[in-house]
Amino acid sequence: MDGKRPTNLLYDKAAYHDFLRRNKAVVCALSASYISTFAGYPLDSLKSRLQTTKTPITVPRLAAIVYREEGVVGFYRGLWIPLMTISFVRAASFTIYTRTKEYFRDHHTLQRDSIIDASLVGGVSGAMSGALISFGSAPFELVKVRRQLEYAIAQSKGLQLLKPPGTMEAVKDIFRTNGVAGLYTGFPLHFVRDTMGTALYFLEYDGMRHLLGRDRSGEQGPTPAWLPIHPSIVPFFCGSLSGVTSWALIYPLDVVKTKVQQRALAGEKYRGPWETFHRLIRGPDPANPKPFLAGMARIYRGLGVSAVRSITTHGLLWTFFDLVSNYIDRLPE
């Protein structure tokens, strides 16, 4: 015996640490996404139902109806799709976002110590990420919408749904009806929503992080005197605020997308985005249009629950992203 600790051939700590450092963005995004997606999914399910219901209903009443008719499972219907796929999509999104920011840094572009440069780099990186990822995320989101609105779609077809089909049955039904193209129903709206929404989201997040003391190298300094919060709370605060505000701006487009997809999945006559938006705002009767403010209130139905979901999801996402990131940074060489 030479006194050295025996090497574990199945676990090389140095190699493991090196792997974590080389894949930092993916590891951080996956870890944070699993937790935040699970926490926010029931609210996302309620949001989809509120967007498509024809009669006004409060969130507590809708939640009570879902629980009575479908049980707790109703709130998590279709969960495994975003949990197992959107999490990987989000990991790819963060990787593209991070690599794009590194490109700007390596080419010394928009690197001044100013909120404008920090925000622009975040916005451009977010737009690149949202645009590229939308091609992979669109089919998964369509199936998620289908699973969340099973009962509403069956009702529009005049059917009574005793037991909703599973996820694979839903995929097969979409494929059987419209082929591969069916999985991209409403894709132009999905593409625009993801590109604009992700650009706004990262633009706001990076801008707020800069305001609250993070330098261009990524190190968090002390927070300013006008907002004396603990540095550990900064990711949750910035993630929540950027998630809520960017979602509020893009919310009307998401409502139109969901309505267009619901009609297509139900086999109803196609209505374009502008016609769908106009009918949501002014109602179906041109001779008796609804007041504009009443129409806008309908468009933003469900925004409250979406705001709570965004606070929960994006706050936790960035909190755990930073926690895992700091853990990897502290690993021994």
Side-chain angles (χ1 to χ4, degrees), residues 29-91 137-174 183 236 239-240 243-244 247 251 254-255 257-259 261-262 265-266 300-321:
L30 277 178
S31 305
S33 184
Y34 284 136
I35 297 170
S36 60
T37 300
F38 184 83
Y41 193 80
L43 296 170
D44 183 65
S45 182
L46 290 175
K47 181 266 298 182
S48 294
R49 297 167 192 263
L50 282 169
Q51 286 180 342
T52 56
T53 183
K54 298 185 186 307
T55 56
I57 187 172
T58 64
V59 174
R61 178 169 172 75
L62 177 61
I65 292 173
V66 172
Y67 180 76
R68 184 176 65 247
E69 295 182 355
E70 306 176 45
V72 176
V73 175
F75 294 102
Y76 287 95
R77 191 176 306 285
L79 169 66
W80 79 269
I81 298 173
L83 197 62
M84 300 306 296
T85 57
I86 300 302
S87 293
F88 284 97
V89 168
R90 187 171 282 163
S137 64
F140 299 123
E141 179 153 336
L142 179 71
V143 176
K144 183 193 75 172
V145 170
R146 165 65 185 265
R147 294 284 285 121
Q148 289 176 339
L149 302 178
E150 290 284 7
Y151 287 89
I153 292 171
Q155 187 179 19
S156 66
K157 292 181 178 180
L159 302 174
Q160 185 175 4
L161 197 63
L162 298 177
K163 181 182 179 182
T167 299
M168 290 311 299
E169 286 79 2
V171 173
K172 290 177 182 177
D173 184 56
I174 294 172
L183 294 172
F236 189 94
S240 298
V244 169
W247 186 242
Y251 194 77
D254 183 67
V255 175
K257 178 195 77 73
T258 303
K259 291 292 290 185
Q261 289 179 328
Q262 182 194 17
L265 291 170
Y300 277 95
R301 183 192 302 162
L303 180 61
V305 70
S306 285
V308 176
R309 179 186 67 89
S310 290
I311 290 172
T312 303
T313 303
H314 296 289
L316 289 175
L317 175 68
W318 283 108
T319 298
F320 282 97
F321 188 95

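The model shown is predicted, which means the values in this text are computed figures rather than measured ones.
In this view, Y34 satisfies the ring pair (Phe, Tyr, Trp, His ring centres under 6.0 Å) rule with no residue, not counting sequence neighbours.
The CG atom of L183 sits 11.0 Å away from the CZ atom of R146 when rounded to the nearest 0.5 Å. The line from OG of S137 to CG of L142 is 11.0 Å long, rounded to the nearest 0.5 Å. Here OG of S240 is found 8.0 Å from CG of L316. Values are rounded to the nearest 0.5 Å.
Here the side chains of I65 and I57 are in contact, with some heavy-atom distance below 4.5 Å. Residues R309 and W247 are in side-chain contact: their nearest non-hydrogen atoms beyond the backbone lie under 4.5 Å apart.
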List the atom pairs, with distances to 0.1 Å, where a side-chain N or O of residues 37-46 and a protein N or O form a donor-acceptor pair under 3.5 Å, not counting sequence neighbours.
{"residue": "T37", "atom": "OG1", "partner": "S33", "partner atom": "O", "Å": "2.7"}
{"residue": "Y41", "atom": "OH", "partner": "R77", "partner atom": "O", "Å": "2.5"}
{"residue": "Y41", "atom": "OH", "partner": "G78", "partner atom": "O", "Å": "3.4"}
{"residue": "Y41", "atom": "OH", "partner": "Q148", "partner atom": "NE2", "Å": "3.4"}
{"residue": "D44", "atom": "OD2", "partner": "K144", "partner atom": "NZ", "Å": "3.1"}
{"residue": "D44", "atom": "OD2", "partner": "Q148", "partner atom": "NE2", "Å": "3.1"}
{"residue": "S45", "atom": "OG", "partner": "R49", "partner atom": "NE", "Å": "3.4"}

Inset, instruction - Applying side chain to side chain contact (heavy atoms under 4.5 Å, CB included), run through I311 and F236 and close with a yes or a no. - result: CA-CA 8 Å; I311 290 172; F236 189 94; 4.3 Å; yes
